[in-house]
Amino acid sequence: SGMDEIDDYVSQNVREIENPIDLTGVAEDKNVIYIAVESMQSFLIDETLHGEEVLPFLNEFKEDSYYFENFYHQTGLGKTSDHEFVLDNSLYPLPNSAAFFTHAQNEYNSLPKIIQEELGYDSYTFHANNGSFWNRNVMYETLGYNEFFDVESYEFEESDEIGWGLNDKKFFDQSIDIMKELDEPYYAKFITLTHHFPFEMPEEDATIDQFDSSSVTLNQYFQTARYTDEALEQFINQLKEEGIYEDSIIVMMGDHYGISSYHNEAMANYLGEDEITPYDEVKLQRVPMIIHIPGHEDTGTLSTLSGQIDYKPTVLNMLGIENENDIVFGNDLFSQERKDFIAFRDGRVVGEDYIYASGNCYEDETGELVEEANCDRIREQAEQELNYSDEIIYGDLFRFYDFEQGEIAEENNE
Ligand code: GP9
Ligand code: MN
């Protein structure tokens with residue numbers, strides 16, 4: 001009958017087109033290189049300032065990669081560290097503290113631990129800040145990182161610093177030398193620093209003019225973003241020169257917003273809008289998420305509603321690890337069957353059709369205010385998930401869970 005035919009058509013031409021990609025095991029025997037791009041927000045992607053692309057390199061790189069344009073950060077007070085926490089565990093960050101500080105002694109079923117156990121991968125972090133910042137030196141051990149190349153691993157002078165410390169170009173430059181010595185395949189995380197609040201860039205290093213608005217922060221934001229874009233390009237070129245590029249899955253992601261709602265007026269000015277509504281503010285929480293796989297070119301943009309919670313299941317699937325008993329709150333980004341909402345730590349929720357923010361419900365497509373009841377289901381389900389995740393962390397409940405068997409560990413099952 002007609003409906004069968006339509007259904008067939010839709011399943012082959014619409015659903016399949018929407019998600020035709022099975023990447024199970026595509027990363028097997030390859031390095032996984034993850035780059036946390038400090039404070040990078042998606043509104044800069046494919047955008048211009050003074051008629052110039054702000055991020056010429058990322059705009060190009062994303063074309064030869066899978067680029068997720070509807071990908072949200074989900075961090076709370078713990079900022080960069082929260083993003084690391086979400087990525088490695090597919091649990092939510094905590095409501096009132098940074099889990100990196102308050103729950104660094106918990107038991108976690110973290111990504112580095114799983115890939116060590118299943119595949120023998122060692123995991124490393126590269127970040128030119130003090131090792132104790134965000135309590136990383138303690139938490140990384142808990143999460144199963146083999147080594148943390150912190151500020152002590154880099155040699156530099158004051159003139160090599162921008163803003164918070166060693167500039168991203170020199171950071172990547174020296175990181176390559178360390179990388180070359182590592183046994184492949186490995187998991188390597190890089191955390192950039194130059195594009196960090198307050199986004200100060202020495203005149204002579206700036207390659208794009210500032211924006212002109214009432215917000216110095218936003219005005220400068222474009223310059224440090226451009227600098228980091230150049231640093232990423234340089235790093236990718238060096239990975240190619242060293243022959244690492246072809247053996248690696250490369251993931252880049254913005255860790256969290258850089259421009260807070262304090263700068264809404266200037267932001268509206270840049271975006272050419274009258275004002276930034278709570279709906280717009282939600283949309284501004286999108287961060288770039290790019291997955292590059294050797295041999296997968298011309299892949300382009302996917303509009304899957306997604307967030308940082310999805311990182312761990314995605315990476316594990318690419319590595320061919322079936323982690324069926326894992327307790328996670330995210331889905332493989334490429335799966336056909338995904339949850340239909342993304343929860344923010346502060347209670348805001350993005351659904352496929354509706355967005356819940358500031359106690360109001362908005363239609364996703366238009367940004368129009370609609371009956372609050374439209375948001376009830378996603379709001380309640382998000383709240384439930386956040387509570388479950390908090391319960392796990394506060395109670396250190398993974399001590400009692402057997403991930404092999406997928407059940408409460410026997411000695412605690414009385
Ligand atoms: C600090 C860097 C920035 O090491 O990761 O942290 P943030 O202030 O963005 O949380
Ligand atoms: Mn950060």
Side-chain angles (χ1 to χ4, degrees), residues 34-44 58 71-88 92-104 123-141 143 145 147-154 156 160-172 174-175 188-201 217-218 220-221 224-225 227-229 231-232 235 251-263 284-290 307-308 311 344-346:
Y34 171 70
I35 306 168
V37 188
E38 176 61 42
S39 297
M40 195 63 84
Q41 288 175 239
S42 297
F43 79 89
L44 289 184
L58 282 179
F71 186 92
Y72 290 84
H73 87 80
Q74 297 172 284
T75 63
L77 297 174
K79 305 301 295 279
T80 312
S81 75
D82 272 358
H83 122 282
E84 295 180 72
F85 183 81
V86 180
L87 263 52
D88 278 348
Y92 292 101
L94 290 174
N96 305 310
S97 67
F100 261 49
F101 273 115
T102 58
H103 292 79
S123 292
Y124 305 95
T125 300
F126 298 76
H127 180 50
N129 199 356
N130 294 326
S132 60
F133 200 93
W134 285 127
N135 202 32
R136 283 186 174 106
N137 47 5
V138 176
M139 187 55 151
Y140 282 167
E141 239 183 273
L143 293 174
Y145 286 87
E147 212 167 329
F148 176 16
F149 301 103
D150 69 2
V151 71
E152 303 291 335
S153 301
Y154 298 84
F156 59 98
D160 300 323
E161 294 182 20
I162 298 178
W164 275 45
L166 178 62
N167 71 56
D168 288 347
K169 291 181 184 173
K170 299 232 154 130
F171 162 64
F172 281 127
Q174 292 187 33
S175 297
K189 164 161 75 179
F190 297 81
I191 305 173
T192 69
L193 198 55
T194 302
H195 186 40
H196 191 288
F197 182 86
F199 314 112
E200 281 167 357
M201 175 63 48
T217 301
L218 183 63
Q220 299 184 148
Y221 183 77
T224 46
Y227 185 93
T228 295
D229 187 67
L232 291 169
F235 187 49
V251 184
M252 297 184 190
M253 187 196 298
D255 60 347
H256 51 72
Y257 69 81
I259 303 297
S260 72
S261 54
Y262 184 77
H263 307 275
L284 280 167
Q285 304 314 306
R286 284 178 291 183
V287 293
M289 165 55 160
I290 299 173
Q308 290 171 333
Y311 178 83
F344 290 12
R345 180 63 257 189
D346 60 13

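Numbering of ligands and ligand atoms starts at 1, following listing order. Owing to the predicted nature of the structure, the values given are computational and were not obtained by experimental measurement.
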What atoms of ligand 1 come closer than 4.0 angstrom to any heavy atom of [X]?
X	answer
Glu38	3 (C), 9 (O)
His256	9 (O)
Trp134	6 (O), 7 (P), 10 (O)

Checklist entry - Would you say Phe197 contacts ligand 1, with heavy atoms under 4.0 Å as the rule? => result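 So Phe197 does not count as touching ligand 1.
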Next on the checklist: Given 3.5 Å as the limit, does a donor-acceptor pair link the side chain of Asp150 with the main chain of Asn129, or not?
Outcome noted: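 No, Asp150 side chain to Asn129 backbone: no donor-acceptor pair under 3.5 Å.
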Does an N or O anywhere in [X] fall below 3.5 Å from an N or O of ligand 1?
X	answer
His196	yes
Thr80	yes
Lys79	no

Item to check | Distance filter under 2.8 Å, centred on the Mn ion (ligand 2) - protein N, O or S atoms that pass it | outcome: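 Hits for the Mn ion (ligand 2) below 2.8 Å: Glu38 OE1, Glu38 OE2, Thr80 OG1, Asp255 OD2, His256 NE2.
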Checklist entry - With backbone taken as N, CA, C and O and side chain as the heavy atoms from C-beta onward, which portion of Asn129 lies under 4.0 Å from ligand 1: side chain, backbone, both, or neither? => result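 Near ligand 1, Asn129 shows its side chain, while the N, CA, C and O stay back.
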Item to check | atom 2 (C) of ligand 1 [closest protein heavy-atom partner, distance rounded to 0.1 Å] | outcome: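 Heavy-atom neighbour on the protein nearest atom 2 (C) of ligand 1: His127 NE2, 3.6 Å.
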Item to check | Proximity of His127 and Phe171 rings by center, below 6.0 Å | outcome: no
